[in-house]
Amino acid sequence: MEHGHDAPPSTSTPPPSSYTLFLTIMSKRRTWVLLFVLVYAVLLASSWNSLKSILSWYKHQARPSSPSSGWPALYASVLLGAVFGLLSMAAALAVAVPATLVTWITIVVLLAFFGKPKRTLVLEGRKITREIASFVFKILLKEGNLVAAVCAVLGYFALVRRNSGE
C-alpha cells in the first residue's frame with residue numbers, strides 16, 4: 001500500500017471565501033426569518049403610508065362644509081381595497097412559495113423513482129412547473145381580488161358613516 005495516494009488530487013479550485021460565507025449565512029433559518037420580517041416590515045410601512053395618504057385625501061375632499069356626493073368615499077374605498085388586496089396577495093405568496101416548492105420537488109422525485117429518463121424528467125419538470133405556477137397565480141389573484149372587494153365595500157360604508165356622523 002502506498003501512502004499519500006489514497007485521495008485523487010483536486011483539480012478544481014475552492015470557492016471564494018465570500019461565496020462560502022454567503023452560503024453559510026443563507027443556510028441559517030434565522031437569516032430567512034430576518035428576511036421575511038424585513039420584507040413584511042417594508043410592505044407594512046409602505047402600505048401604512050399609502051393608507052394615511054388616502055385617508056388624508058379623503059378628509060380633504062369630504063369636508064362637512066362642501067356638499068359631497070359619495071364619490072370621494074367610493075374612490076377612497078377602492079384605493080383602500082386595492083392596498084389591502086395587494087398586501088394579502090403578498091402575504092399569501094410568502095406562504096405559497098415554500099409549499100409550492102415542496103410540492104414540485106415531491107412530484108419530480110416521484111417521477112425519478114418511477115424510472116423516467118433524465119430527458120423526459122426535465123420535460124415533465126418544466127411542464128409541471130408551468131402548471132403549478134399558473135395554478136398558484138390564479139389562486140393568488142382570486143384571493144387578492146376577494147380581499148380587495150371586501151375591504152372596498154367595508155371601507156365605503158365606514159367612510160360614508162363617518163362622514164354622515166360628522
Side-chain angles (χ1 to χ4, degrees), residues 15-110 122 124-166:
S17 62
S18 60
Y19 179 72
T20 329
L21 178 66
F22 178 75
L23 284 180
T24 304
I25 290 172
M26 294 309 285
S27 67
K28 303 291 183 194
R29 185 175 292 188
R30 287 179 296 232
T31 304
W32 288 103
V33 169
L34 180 67
L35 285 173
F36 181 79
V37 169
L38 183 67
V39 166
Y40 273 99
V42 168
L43 278 173
L44 286 174
S46 63
S47 63
W48 182 255
N49 289 335
S50 63
L51 289 175
K52 285 181 8 184
S53 65
I54 291 168
L55 289 177
S56 76
W57 174 84
Y58 175 72
K59 284 180 187 177
H60 180 69
Q61 294 294 322
R63 293 185 194 147
S65 61
S66 67
S68 70
S69 62
W71 289 110
L74 181 66
Y75 291 147
S77 65
V78 167
L79 288 174
L80 290 172
V83 167
F84 281 116
L86 289 173
L87 193 61
S88 71
M89 285 174 59
L93 186 65
V95 172
V97 166
T100 304
L101 285 175
V102 167
T103 304
W104 181 81
I105 290 170
T106 304
I107 291 171
V108 171
V109 167
L110 285 174
V122 168
E124 290 289 326
R126 287 181 185 161
K127 183 176 138 188
I128 291 167
T129 303
R130 256 192 319 272
E131 289 175 3
I132 290 175
S134 68
F135 184 70
V136 168
F137 184 71
K138 288 176 188 175
I139 289 175
L140 284 177
L141 279 179
K142 285 180 187 177
E143 288 182 4
N145 288 339
L146 178 68
V147 169
V150 168
C151 288
V153 169
L154 291 176
Y156 177 76
F157 287 120
L159 291 174
V160 167
R161 182 176 177 193
R162 178 179 169 200
N163 196 24
S164 66
E166 290 178 354

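As the structure is a computational prediction, the values presented were derived from the model and not from experiment. Just the heavy atoms: all of them, side chains too, but no hydrogens, waters or symmetry mates, feed the values below.
We find the CG-CD1 distance between Leu80 and Ile54 to be 5.0 Å, quoted to the nearest 0.5 Å. The line from CG of Leu141 to CG of Leu146 is 12.5 Å long, rounded to the nearest 0.5 Å. Between Ser134 atom OG and Lys138 atom NZ the span is 5.0 Å, to the nearest 0.5 Å. The NZ atom of Lys127 lies 5.0 Å from the CD atom of Glu124; values are rounded to the nearest 0.5 Å. With rounding to the nearest 0.5 angstrom, the CD1 atom of Ile128 is 12.5 Å from the CD1 atom of Ile105. Atom-to-atom distance recorded for Trp57:CH2 and Leu79:CG is 7.0 Å, nearest 0.5 angstrom.
Between Ala76 and Leu159, the shortest heavy-atom contact is CB-CD1, 3.6 Å. Across all their heavy atoms, Val78 and Ala152 have their closest contact at CA-CB, 4.3 Å. Across all non-hydrogen atoms, the minimal contact from Cys151 to Gly81 is CB-CA, 3.9 Å.
Side-chain contact between Val136 and Val97 is absent, with no heavy-atom pair separated by less than 4.5 Å. When side chains are defined from C-beta on, Leu93 does not count as touching Met89, because their heavy atoms never get closer than 4.5 Å.
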*Can you check side-chain contact (heavy atoms from CB on, under 4.5 Å) on Leu51 and Phe84, steps first, answer last?*
CA-CA 9 Å; Leu51 289 175; Phe84 281 116; 3.8 Å; yes

*Begin with the C-alpha distance, continue with both residues' side-chain angles, and end with the deciding distance and a verdict on side-chain contact (heavy atoms from CB on, under 4.5 Å) for Leu140 and Phe137.*
CA-CA 5 Å; Leu140 284 177; Phe137 184 71; 5.6 Å; no

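Applying the side chain to side chain donor-acceptor pair (under 3.5 Å) criterion to Thr129, with sequence neighbours excluded, gives Trp104.
For Trp48, the CH2 atom is loosely surrounded, since the number of other residues' heavy atoms within 6.0 Å does not exceed 12.
Partner of Val83 under the side chain to side chain contact (heavy atoms under 4.5 Å, CB included) criterion, chosen from Ser88, Ser46, Ser50: Ser50.
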